[in-house]
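Shown next, in structure tokens, is the structure this report addresses.
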2 protein chains.
Amino acid sequence: MKTIADIAKLAGVAKSTVSRYLNGGSVSEQMKKRLEAIIEETGYTPNTFAQSLKAKKTNMIGTIVPGLDSYETSQILTGIDNELRKWNSHMLVSNTNQNLARELELIYRLAKQKVAGIILLATEITEAHLQAFQEIAIPVLLVGQQHEEVHSLVHNDEEAGYAIGKYIIEQGHRRLAFLGVSEQNIAIGINRKEGFKRAVREANGCEVHFFETGFTMKEAAEGALAVFEGYFPSALICATDDIAIGAVKAAYKKGMHVPANISVTGFGGYSITEMMNPALTTVKLHFIEAGEKAARHIIKLANGEDIPKLIYSGFEIIARESVDKRFAPG
Amino acid sequence: MKTIADIAKLAGVAKSTVSRYLNGGSVSEQMKKRLEAIIEETGYTPNTFAQSLKAKKTNMIGTIVPGLDSYETSQILTGIDNELRKWNSHMLVSNTNQNLARELELIYRLAKQKVAGIILLATEITEAHLQAFQEIAIPVLLVGQQHEEVHSLVHNDEEAGYAIGKYIIEQGHRRLAFLGVSEQNIAIGINRKEGFKRAVREANGCEVHFFETGFTMKEAAEGALAVFEGYFPSALICATDDIAIGAVKAAYKKGMHVPANISVTGFGGYSITEMMNPALTTVKLHFIEAGEKAARHIIKLANGEDIPKLIYSGFEIIARESVDKRFAPG
DNA sequence: CTGAAAGCGCTTACAG
DNA sequence: CTGAAAGCGCTTACAG
């Protein structure tokens, strides 16, 4: 392994000159050519530890995720990694396994590793988080959740909820059920629901009941069973694709056919939804693009540039087979 | 931020003594107590860059994956991360996006980052790989594929293929089809199929046809359609869960019911298989445990310990609804 | 068991 | 534009 001293010796100059060349400092044209050739020839690359020791900063971006095993997370990470590569930066992934204490610990730990920035796929932002962000003094970007005091990138959940609500109403459905999650989760528990409500308010003669369940397909299957007791919606709007998958499973268990007896919609656009029987109508969130956007923005923050506090990522309705057209009664 | 010099001053000793304490060198009991207290109190933690600069090695383990968006990869990464945490080590994830050239590039790049070891979720090992491993002189562990010259951890694909074959035959099926992938993939394309073949050989009067398709659900759906042309197996054994999902989809498109008209099995144990209609009978591979095992072994290698060249990870048959019992003809 | 000194490979004022 | 020197925070022989 060559060091900067080797290059300097080969070029017959001081190390500082080589360093200046490497970092875009003032070096004569002639010297530039000479150094460029030597570096090219020797395949020299600076030792990142020595750099980091002085500069007290790395070119790594830390990402903290609640779990590695969801479609959403995988896609977002793919996007982040895609983009970071272009910037010659690396992604350091840490998994909290849904453990809030561990999340805080990781924030401090990444700070210690001197990452240039942190992308946090957060579920909830507590006071302790805010304090941590202050202390570490490293740029942080929230993805999927928003907080007024922190840079955030979110899917436009409210708009998306509105869009799917509007779609289902346009198909003629009027007896609706919404199967969501706890309001502790702002993006999914509140915003998606609120958007849906807005669509309902704009329509005429809708009856709608709201239900709550967990995030796993299993919990959702049970949650859906509860929906079907006593109330018979013609359409069930689910707050995530996993919930919709559980709901479809529950419907079949009850002997109901989708969409003949009940229409079901998801939220997310997981690839599996296309392969279900029937294929699921859902709101596709652009996860990969969101990850790429997040990467671009955290790099800007790391470079001291300014970015908007709140950034939106796109979505689209994917109409497939799980929703029937109804002719609205009266 | 405290440095080792601060601690030394507070303790009234030389930096070397503190360093020795930190690294388990010989220090008097009394001194140990004193330093322990001071370090505890100040919350001092060594600067990893300075350590790495000297030691020329980090506590990071690099992982190279072909994509972030498969269930298998997510689970394995979860296992690796779980275990690494216990060793106070970090996981650096790099995604090749199925690009072989990029895979090689990443191996060198991780070496430059001085990772303590590399876990490679490989698809194929070429001469260029072997050469790279030599050059970087960093321990490498293959996961999911094996190569005689490299430490490898694999699912016992042959045994698992045998087990699912045996299971399906025990259920009375004799007209079989196997929907696999290219033999370029040794673990999935060859070993699973060979295990299955062994089960068939041991049984009586089986008719079996072999087919090949791609890894995506979409390709598999097309591949399955090809199976159904002209041959009518009572059971279709698929080399992965994704292939089975595609096959089920294709069967429904053809108006066939699973398992009434055709039994289908998967391979992998993806969580979604439980939620399908019908729930898929499959071979569950213990991905998380495999990841944990991989992490333990790469750490051993990084510490210069010896480990077996080839390590196996477990599996189990999960019997669910997609396979019917048949009474074997004659 | 403990300490002084050199060195890991860079960067960064400061002179010239 | 260029160079000599100090320093980033550690570790590691070498003495004592």
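Letters go in sequence order (proteins before strands), and every chain restarts at 1.
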- Task: By nearest nucleotide on DNA chain C, pick out whichever of B/Thr17 and B/Lys54 is the more 5' one.
- Result: B/Thr17
- Item | Residues from residues 18-29 of chain A lying under 4.0 Å of DNA chain D - heavy atoms | A/Arg20, A/Ser26, A/Val27, A/Ser28
- Task: Check whether the side chains of A/Asn99 and A/Glu105 place a donor and an acceptor atom closer than 3.5 Å, and report yes or no.
- Result: no
Output a table of donor-acceptor pairs, distance under 3.5 Å, between side-chain atoms of residues 290-301 of chain B and any protein atom two or more places apart or on a different chain; print 'none' if there are none.
residue	atom	partner	partner atom	Å
B/Lys293	NZ	B/Tyr312	O	2.9
B/Arg296	NH1	B/Glu83	OE1	3.3
B/His297	ND1	B/Lys293	O	2.8

- Message: Show me the dot-bracket string of DNA chain C, counting Watson-Crick or G-U pairs under 3.5 Å, with | for pairs to another strand and [ ] for crossing ones.
- Response: |||.||||||||.|||
- Message: Under a plain distance cut-off of 3.5 Å, with no hydrogens placed, do B/Gln131 and B/Glu127 share a side-chain donor-acceptor pair?
- Response: no
- Message: Which label fits A/Phe287 and A/Tyr71: parallel for a plane angle under 30°, tilted from 30 to 60°, or perpendicular past 60°?
- Response: perpendicular
- Item | Contact residues, residues 30-45 of chain B to DNA chain C [heavy atom, < 4.0 Å] | B/Met31
- Message: Students should find this one: the first and last nucleotides of DNA chain D, 5' to 3', lying under 4.0 Å from a heavy atom of chain A. What are they?
- Response: D/dC1 to D/dG9
- Between the main-chain N or O of A/Leu84 and the side-chain N or O of A/Ser89, is there a donor-acceptor pair closer than 3.5 Å? no
- Note on the structure: Minimal heavy-atom distance between A/Leu104 and A/Ala132, with the atoms involved, is CD2-CB, 4.3 Å
- Side chains of B/Arg85 and B/His90: donor-acceptor distance under 3.5 Å anywhere? no
- Message: For B/His286 versus B/Ser313, what's the shortest heavy-atom pair and its separation?
- Response: O-OG, 3.6 Å
Output a table of donor-acceptor pairs, distance under 3.5 Å, between side-chain atoms of residues 20-33 of chain B and any protein atom two or more places apart or on a different chain; print 'none' if there are none.
residue	atom	partner	partner atom	Å
B/Asn23	ND2	B/Ser19	O	2.8
B/Asn23	ND2	B/Ser19	OG	3.4
B/Ser28	OG	B/Met31	N	3.2

- Query: Can you tell me if B/Thr17 uses its side chain to pair, donor with acceptor, with the backbone of B/Val13 under 3.5 Å?
  - Reply: no
- Task: Check step by step if side-chain contact (heavy atoms from CB on, under 4.5 Å) holds for A/Ile107 and A/Ile64.
- Result: CA-CA 8 Å; A/Ile107 292 170; A/Ile64 300 179; 3.7 Å; yes
- Examine the side chains of A/Glu103 and A/His129 and answer whether a donor and an acceptor come within less than 3.5 Å of each other. yes
